[in-house]
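In what follows, every chain begins at residue 1, and chains take the letters A, B, ... in the order their sequences are listed.
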4 protein chains.
Amino acid sequence: MPIVSEEYKEEKKEQILDSAFECFAKKGFQTATMDDIVAHSGMSKGAIYNYFSSKEEIYLDLLTRATDKNFVQYNKHFAKHRTASSKMDYLFNAYLSANPIDRNRLEYIVVFYEFNLHSTRDPDLLKQLHDRKRKLVSLVNDIIQEGQEQGEFKQDLASELYAERFWTIIDGVNLHAVYDDFPYYDVLRELKDMYLQELKSE
Amino acid sequence: MPIVSEEYKEEKKEQILDSAFECFAKKGFQTATMDDIVAHSGMSKGAIYNYFSSKEEIYLDLLTRATDKNFVQYNKHFAKHRTASSKMDYLFNAYLSANPIDRNRLEYIVVFYEFNLHSTRDPDLLKQLHDRKRKLVSLVNDIIQEGQEQGEFKQDLASELYAERFWTIIDGVNLHAVYDDFPYYDVLRELKDMYLQELKSE
Amino acid sequence: MPIVSEEYKEEKKEQILDSAFECFAKKGFQTATMDDIVAHSGMSKGAIYNYFSSKEEIYLDLLTRATDKNFVQYNKHFAKHRTASSKMDYLFNAYLSANPIDRNRLEYIVVFYEFNLHSTRDPDLLKQLHDRKRKLVSLVNDIIQEGQEQGEFKQDLASELYAERFWTIIDGVNLHAVYDDFPYYDVLRELKDMYLQELKSE
Amino acid sequence: MPIVSEEYKEEKKEQILDSAFECFAKKGFQTATMDDIVAHSGMSKGAIYNYFSSKEEIYLDLLTRATDKNFVQYNKHFAKHRTASSKMDYLFNAYLSANPIDRNRLEYIVVFYEFNLHSTRDPDLLKQLHDRKRKLVSLVNDIIQEGQEQGEFKQDLASELYAERFWTIIDGVNLHAVYDDFPYYDVLRELKDMYLQELKSE
DNA sequence: TATGAATGAGGGTTCATTCAT
DNA sequence: AATGAATGAACCCTCATTCAT
């Protein structure tokens with residue numbers, strides 16, 4: 001079988017990551033075992049270790065990819081939007097349109113935030129976390145500044161601080177999504193209105 | 001025929017919980033071992049198992065107590081405040097006055113949110129989490145309704161939804177506190193202003 | 001059972017070391033598994049790890065103890081001997097009287113020399129090996145110099161070099177003891193005669 | 001209908017053995033992995049298994065060849081020497097002229113003696129070891145007997161025992177060569193003198 | 001109550017060998 | 001003949017929990 005295409009290998013990696021994600025989602029990173037991933041993926045243990053050198057690496061790759069995918073998606077969409085307002089709208093809507101009680105989404109949220117908290121204890125991971133956070137804040141900050149330049153948004157607003165506020169809100173809402181009676185949509189929409197109202201010039 | 005008093009036992013339990021908290025904070029629940037707790041507490045393993053029947057129980061007790069302490073504290077303080085406004089103020093200030101870069105506080109945040117996410121996977125724990133959440137929402141909801149009745153706050157506001165929004169904001173801010181460059185104070189204050197402005201009658 | 005005397009613990013350690021030795025003897029350090037040692041000792045795996053933190057540590061302790069025991073034995077016996085000659089005699093006889101086809105002795109030899117060769121690849125172990133070697137050479141060197149001072153031995157002899165020669169011979173003979181048809185006794189006796197003859201003043 | 005010539009195959013085998021030796025030298029037989037050999041040789045895993053059926057077989061072949069090469073070399077050289085004395089001289093000099101601190105030589109020594117000790121535990125290997133030893137002893141025994149017949153050496157000397165003594169010395173010296181401060185040359189020369197002096201007729 | 005030695009299932013990882021291509 | 005991905009038994013070690021003292 002050997003001498004196999006890069007795509008084949010990439011596909012295998014994805015397969016492993018998919019299985020790993022489900023296992024981490026179901027049990028958490030620490031509690032999920034390599035045997036779980038083996039069982040779920042249907043591969044052999046050795047095969048998995050051919051693609052990833054440790055359970056931790058799988059975890060990292062999983063989260064890095066998710067993050068990267070997000071960024072790519074954002075940037076792709078932003079290209080289609082002309083105004084800063086519509087970009088902000090798009091960002092909010094990305095979360096507003098997410099089905100809050102979708103099993104997969106909840107699992108993703110739990111795994112994702114667990115990873116963030118976990119990273120808190122490892123300087124290397126914390127560094128990555130910071131970088132990612134900075135990029136996210138920049139993403140929004142850029143939009144706000146663009147809006148300010150275009151006269152869409154208030155001029156006298158600390159744009160970076162306001163960008164931070166955006167992610168604070170998003171993370172707050174996401175976190176509460178794990179409560180199945182959380183009025184996700186309503187709360188987020190009101191927060192969106194509140195946020196945009198203050199942002200936009202009267 | 002208990003040989004030792006209840007107070008003695010309670011004291012011992014607190015001692016264990018303190019040590020356990022530090023261990024969980026430093027390494028996380030899964031990674032911290034009973035041996036860590038033994039070493040930190042200076043007690044013997046058997047002694048600890050006399051007071052708690054498992055590591056999980058320690059974890060649970062720890063978080064339950066923290067939550068309870070919070071409630072007691074809130075209620076104690078609310079008794080001193082006359083108006084709903086001042087109660088809301090107190091709540092926000094409880095978080096505004098917290099030193100966001102205090103090591104202990106950060107550790108507490110991490111352990112606390114990890115526990116929440118962890119609880120997601122266990123129906124019993126999730127139930128507890130829900131109850132706690134409901135109580136927190138009620139706490140704020142009661143204040144808002146009180147304020148509405150007193151004419152302090154807008155009448156046409158969905159009070160419970162607004163209460164949910166409060167905790168969403170708080171959790172968002174708390175979560176971001178783990179980033180050492182997060183402008184915790186500024187973001188929270190602005191969110192507070194935004195929140196209260198909309199709440200109060202013009 | 002806990003709170004146990006130091007002797008008890010030392011005894012346990014010895015027990016483990018005994019089992020480990022037999023396993024290493026039978027299969028070699030790398031090939032012998034912790035499960036082998038567990039099975040042979042009749043203890044649980046955890047128990048063994050309570051006394052030694054790794055398989056390597058067991059190996060090291062085993063060899064260190066053997067070496068130390070040897071030194072103690074030598075020094076104890078030297079105290080009884082008055083002349084340098086009789087000390088040299090004692091040393092040679094220690095090896096001459098060893099039963100060359102004794103199973104235990106052969107196993108010991110194999111394990112011991114394997115350890116030496118193994119140590120070659122680890123700077124720390126190599127250092128220990130060197131130290132041990134230096135002590136052994138000193139031991140003989142001291143005797144030779146004592147003999148020279150007393151007029152028993154030739155004056156114009158490089159004592160340290162001659163001490164090195166002693167251990168070279170011993171190790172050579174030991175190594176050959178693994179061949180069951182090796183005329184251990186005869187070869188060693190002749191080498192002894194040859195060695196002492198050149199050492200002693202005419 | 002072999003596609004490739006025997007020479008080609010032999011060449012490949014040598015290539016593998018060379019790589020294997022370096023790996024075994026660097027890490028030891030047990031610790032060196034097939035992947036190490038693969039990496040070092042630049043061949044594929046499958047290719048190596050086409051030439052050798054197991055790691056053990058590589059090890060065996062390696063050592064057998066080394067031994068055989070030695071014998072061929074000895075016999076080739078002996079053909080050039082007329083007297084038994086000069087043959088003994090040659091043998092000693094083969095070791096005296098070896099650079100005792102040559103990295104390669106030390107590695108060879110370690111691998112070689114490790115193999116001997118390893119063989120101790122496998123009846124088949126032990127048999128091979130014995131045969132080799134017997135051949136080595138015969139080699140020297142023949143020389144001594146030749147010398148005795150020619151009147152070069154003492155008549156009343158147990159030639160085989162004396163041959164055994166030769167290899168005992170050589171192995172002792174070799175073994176000590178792993179200590180970088182071992183006065184290899186001096187010790188061996190003195191042992192040689194001692195050995196030959198007793199061998200030769202006065 | 002307190003002690004800490006003992007237990008042993010189970011964890012992550014390795015690696016000689018196989019075999020489809 | 002050559003490739004290297006796949007296999008899975010086996011390895012060393014951990015650790016929550018138990019229990020004799």
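- The distance from atom NZ of D:K27 to atom P of E:dA16 is 10 Å, rounded to the nearest whole Å.
- Of the candidate nucleotides E:dT7, F:dT17, F:dT14, E:dT7 has the atom lying nearest to any side-chain atom of C:S44.
- Backbone-only engagement by D:S54 is indicated by non-hydrogen atom pairs under 4.0 Å involving sugar-phosphate atoms exclusively.
- Under 4.0 Å is where a charged nitrogen must lie from a carboxylate oxygen, and between D:K45 and D:D35 at least one such pair does.
- Checking E:dA6, E:dG11, E:dG4 against every side-chain atom of A:D35, the shortest atom distance belongs to E:dG11.
- The main-chain N or O of D:A25 is found under 3.5 Å from a side-chain atom of C:R121 such that the two form a donor-acceptor pair.
- Nucleic acid contact for C:Y51: sugar-phosphate only, since backbone atoms but no base atoms lie under 4.0 Å from a heavy atom of the residue.
- Comparing C:G46 and A:G46 by the nucleotide of DNA chain E that holds the closest heavy atom to each, the one mapping nearer the 5' end is C:G46.
- Set against F:dC11, E:dT17, F:dT17, the side chain of C:T33 has F:dC11 as its closest nucleotide.
- Rounding to the nearest 0.5 angstrom, the gap separating the CZ atom in C:F21 from the CD atom in C:E107 is 5.5 Å.
- Remark: F:dT17 base-pairs with E:dA6. Criterion, Watson-Crick or G-U wobble with two distances under 3.5 Å.
- Under the 30°/60° scheme for interplanar angles, the aromatic rings of D:H118 and D:F29 are found to be tilted.
- Distance, B:M34 CE to E:dT3 C1': 14 Å, rounded to whole Å.
- Backbone-only contact: B:K55 has heavy atoms under 4.0 Å from sugar-phosphate atoms and none from a base.
- Of the charged side-chain nitrogens involved, at least one lies within less than 4.0 Å of a carboxylate oxygen, so that C:E10 and C:R65 count as a salt-bridged pair.
- The nearest whole Å value for the distance from the OH atom in D:Y49 to the P atom in F:dT7 is 17 Å.
- Pair assignment for F:dA1: none, as no Watson-Crick or G-U wobble contacts are both less than 3.5 Å.
- Taking only distance into account, the side chain of A:N50 meets the base of F:dA6 through a donor-acceptor pair shorter than 3.5 Å.
- Between atom CD of residue B:E22 and atom CG of residue B:L17 there is a gap of 12.0 Å, rounded to the nearest 0.5 Å.
- If you measure from atom NZ of A:K12 to atom C1' of F:dT7, you get 11 Å, rounded to the nearest angstrom.
- At whole-Å resolution of the value, CD in C:Q30 and P in E:dT14 are 16 Å apart.
- Atom-to-atom, CD of A:Q15 to C1' of F:dA5 comes out at 13 Å; the value is rounded to the nearest Å.
- In this entry the distance linking CZ of A:F29 with C1' of E:dG11 reads 12 Å, nearest Å.
- When rounded to the nearest whole Å, the span between CZ of C:F52 and C1' of E:dA5 equals 15 Å.
- Comparing C:K9 and A:A32 along DNA chain E, the residue whose closest nucleotide (by nearest heavy atom) sits nearer the 5' end is C:K9.
- For the pair A:A47 and C:K45, both in contact range of DNA chain F, the more 5′-proximal nearest nucleotide belongs to A:A47.
- Here C:Y8 does not reach the OP1 or OP2 of E:dG4: none of its side-chain N or O atoms lies under 4.0 Å away.
- Each of B:T31 and A:I48 has a nearest nucleotide on DNA chain F; the 5'-most of these lies closest to A:I48.
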